[in-house]
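Here the structure comes first, spelled out in C-alpha cells, and everything after it is commentary.
We count ligands from 1, going down the list as the structure has it; atoms in each ligand are counted the same way. Remember, it's a predicted structure, so these values are computed and weren't measured experimentally.
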Amino acid sequence: VVVGAGAVGASAALHLARRGVRVALLEKEDAPARHQSGRSSGVVHAGYNLRPGSAKARFCAEGNRELKAWCRAHGVALAELGAFVVAQDEAEAERLRELERRAAANGVEARIVDGARLAAAEPHAHGIAALHAPGVASFDAPAFVASVVAAAQAEGAEVHFGTQAVRIDESPHGVEVRTREGRLAAAVAVNAAGLHADLLAGTLAPDVRIVPFRGTYAELVPARRGLVRTHLYAVPDLAFPFLGVHLSRRADGRVLAGPGAMLALGREAYALGRVHLRDLAGMAAWPGFWRLLAQSEVRRLVGRELRKSLDLGAVAREAARLVPGLRRADLVPAPAGNRAQLVSRAGELVDDIVVRESARAVHVLNAVSPGLTCSLPFGRHLAGRALALLEAAPTEAASTPA
Ligand SMILES: Cc1cc2nc3c(=O)[nH]c(=O)nc-3n(C[C@H](O)[C@H](O)[C@H](O)COP(=O)(O)OP(=O)(O)OC[C@H]3O[C@@H](n4cnc5c(N)ncnc54)[C@H](O)[C@@H]3O)c2cc1C
C-alpha cells in the first residue's frame, strides 16, 4: 500500500508496479496532487543551491533530467527557460560564488554572468551579476502527477481516491492500513502523505513534527507578464530552507511572484485567516515549535512574511529589487501552497529529505522543495527500499508454524 497521490507517492507506486509488485495507492482527496504537488511554483529546479552531499542534491540533479524527459515523452507542458539568481551588491555577488561552488559540486550547469548579460536576457531585471542556470524549466505539475498516476495504473496499480488512511498497524506478517472506509492488509506500506506524514509515522517520528509553512503567491496581471521572460531569483539566505521571493514564468505563460514562507495555522490552512484547531493544538504541544519561535531570525522572517501576506505592496517592493519597474498594481493574488516542513524537538528546520523505516513500512518525512523535481528518482529509491523490506521480512506462510 502506498499512501498519498502526490508526486512522491505516485512515483513510488509506479516504480513498485513496474517491478511487478501488486500496489494499492490510497489518496484521501478525489484527485491526485491536491496539496503540495499541485500548489507549487511548477519549477524543475537545477539544484545549484542545495547542500552538496545531501539527498536532495543527488535526487534533484537526476530528477531534473528525468522530469524534463518525462514531460517531453508524455505531452506534459514544459518550458525550458533557464533561471537567473540576481545579485544587487558585492555581498550578494560573493554569495553567488558559494552557489556556483555548490552547483559544481552537485554536477549542475551554472555560471556567473555580468549585469550586461543579465540585461540581454531579462531587459527589465536589475543586478550587478547573476548566476545563470540554463537547466531550470517550468512544467505543469498537476498534469505531471496525473500522468504518473495513469502510468502506475497502466502497470497494474489500483488507485483509490477518497480513501483516507487513519493509521498503519504493523505485525510480523505485514501491515494493516486503517482507513475511514475500512481496513486494508498488505505486506509493506509506503507513507507519502505529505503534510500528514508525521502523523501516520507515529512512534517512528517522536523527535520531529511537521510545521506547515504557507507559500503565498501573487501573479503579474496579463498586460505586465512581459516584465519577466525566464525565472528571476533573489540571492537566497542559505540559513533557511526557503528560496525567497522569485518571479517565475510558468509553462502556461503566467508569471508568479512568490512563494513566501509564512507559518500556517493548519496543515491545509491555505489562507491567512484560516485556523485548524486540531493542527494548531498539535503545534502548540510540540516543544520544537516554541524553540523555533524563540529564534530572533525566525521571528523576523515571520514578521516579514506576515506583512507580505497582508499587503501585496510588500511583495511588490521585494519583487521590485529584481525588476525595478514592477508596481503594486501589476500584481493580483494567486492560490497559496503549504510546505510540510519538519521541525526538530530542538526547534531546527530540518533541511534534507528524511526517510524512516520499520520492518514493514517506509515513511517519507520532509519531502520539501524541490520534491517535485526529485520525485522520479526518489520514488524509484522508495520502491527499492519497500522491495528490500519485502524480501527481508518473513512471509505469512513462512512464519506460520506448520
Ligand atoms: C509553495 C510551494 C512551492 C513549491 N515549489 C516547488 C517547485 O517549484 N519545484 C519543486 O520541485 N518543488 C516545489 N515544491 C515542493 C514540492 O511541491 C513538494 O516537495 C512535493 O510536492 C511533495 O510531494 P508529496 O507527494 O510528498 O506531497 P503532496 O503533494 O502533499 O502529496 C501528499 C498526498 O497525500 C495525501 N494524503 C495526506 N494524508 C493522507 C491520508 N491520511 N490518507 C490518504 N492520503 C493522504 C494528500 O491528499 C496528498 O495528495 C513546492 C512546495 C510548496 C509548498
Checking His381 now: which residues fulfil ring-ring contact (aromatic ring centres under 6.0 Å, His included) with it, not counting sequence neighbours?
Phe59
In chain order, what residues pass the side-chain contact (heavy atoms from CB on, under 4.5 Å) check against Arg225, with sequence neighbours excluded?
Glu219, Leu220, Pro222, Arg249, Arg254, Val255
Scan side-chain atoms only and decide if Ser171 and Glu176 contain a donor-acceptor pair under the 3.5 Å cut-off.
no
Are there more than 12 heavy atoms of other residues, nucleotides or ligands under 6.0 Å from atom CD of Glu181?
yes
Could you go through ligand 1 and note, for every N or O atom, any protein N or O atom closer than 3.5 angstrom, writing the atom names and distance to 0.1 Å, or 'none'?
from     : atom 1 : to     : atom 2 : distance (Å)
ligand 1 : 5 (N)  : Ser41  : N      : 3.2
ligand 1 : 8 (O)  : Gly42  : N      : 3.4
ligand 1 : 8 (O)  : Val43  : N      : 2.9
ligand 1 : 9 (N)  : Val43  : O      : 2.8
ligand 1 : 11 (O) : Pro370 : O      : 3.3
ligand 1 : 11 (O) : Leu372 : N      : 3.3
ligand 1 : 11 (O) : Thr373 : N      : 2.9
ligand 1 : 11 (O) : Thr373 : OG1    : 2.7
ligand 1 : 17 (O) : Gln36  : O      : 3.3
ligand 1 : 19 (O) : Ala367 : O      : 2.5
ligand 1 : 19 (O) : Val368 : O      : 3.4
ligand 1 : 19 (O) : Gly371 : N      : 3.2
ligand 1 : 21 (O) : Ser37  : N      : 3.2
ligand 1 : 21 (O) : Ser37  : OG     : 2.8
ligand 1 : 23 (O) : Ser37  : OG     : 3.3
ligand 1 : 25 (O) : Ala7   : N      : 3.2
ligand 1 : 25 (O) : Val8   : N      : 3.0
ligand 1 : 27 (O) : Gln36  : NE2    : 3.2
ligand 1 : 29 (O) : Ser37  : N      : 2.8
ligand 1 : 29 (O) : Ser37  : OG     : 2.5
ligand 1 : 30 (O) : Gln36  : N      : 3.2
ligand 1 : 30 (O) : Gln36  : NE2    : 3.1
ligand 1 : 41 (N) : Ala165 : O      : 2.8
ligand 1 : 42 (N) : Ala165 : N      : 2.9
ligand 1 : 44 (N) : Lys28  : N      : 3.1
ligand 1 : 47 (O) : Glu27  : OE2    : 2.6
ligand 1 : 49 (O) : Glu27  : OE1    : 2.6
ligand 1 : 49 (O) : Glu27  : OE2    : 3.3

Listed by chain and number, what are the ring-ring contact (aromatic ring centres under 6.0 Å, His included) partners of His132, not counting sequence neighbours?
Phe84
In terms of side-chain geometry, is the basic nitrogen of Glu98 or Arg101 positioned less than 4.0 Å from the acidic oxygen of its partner?
yes
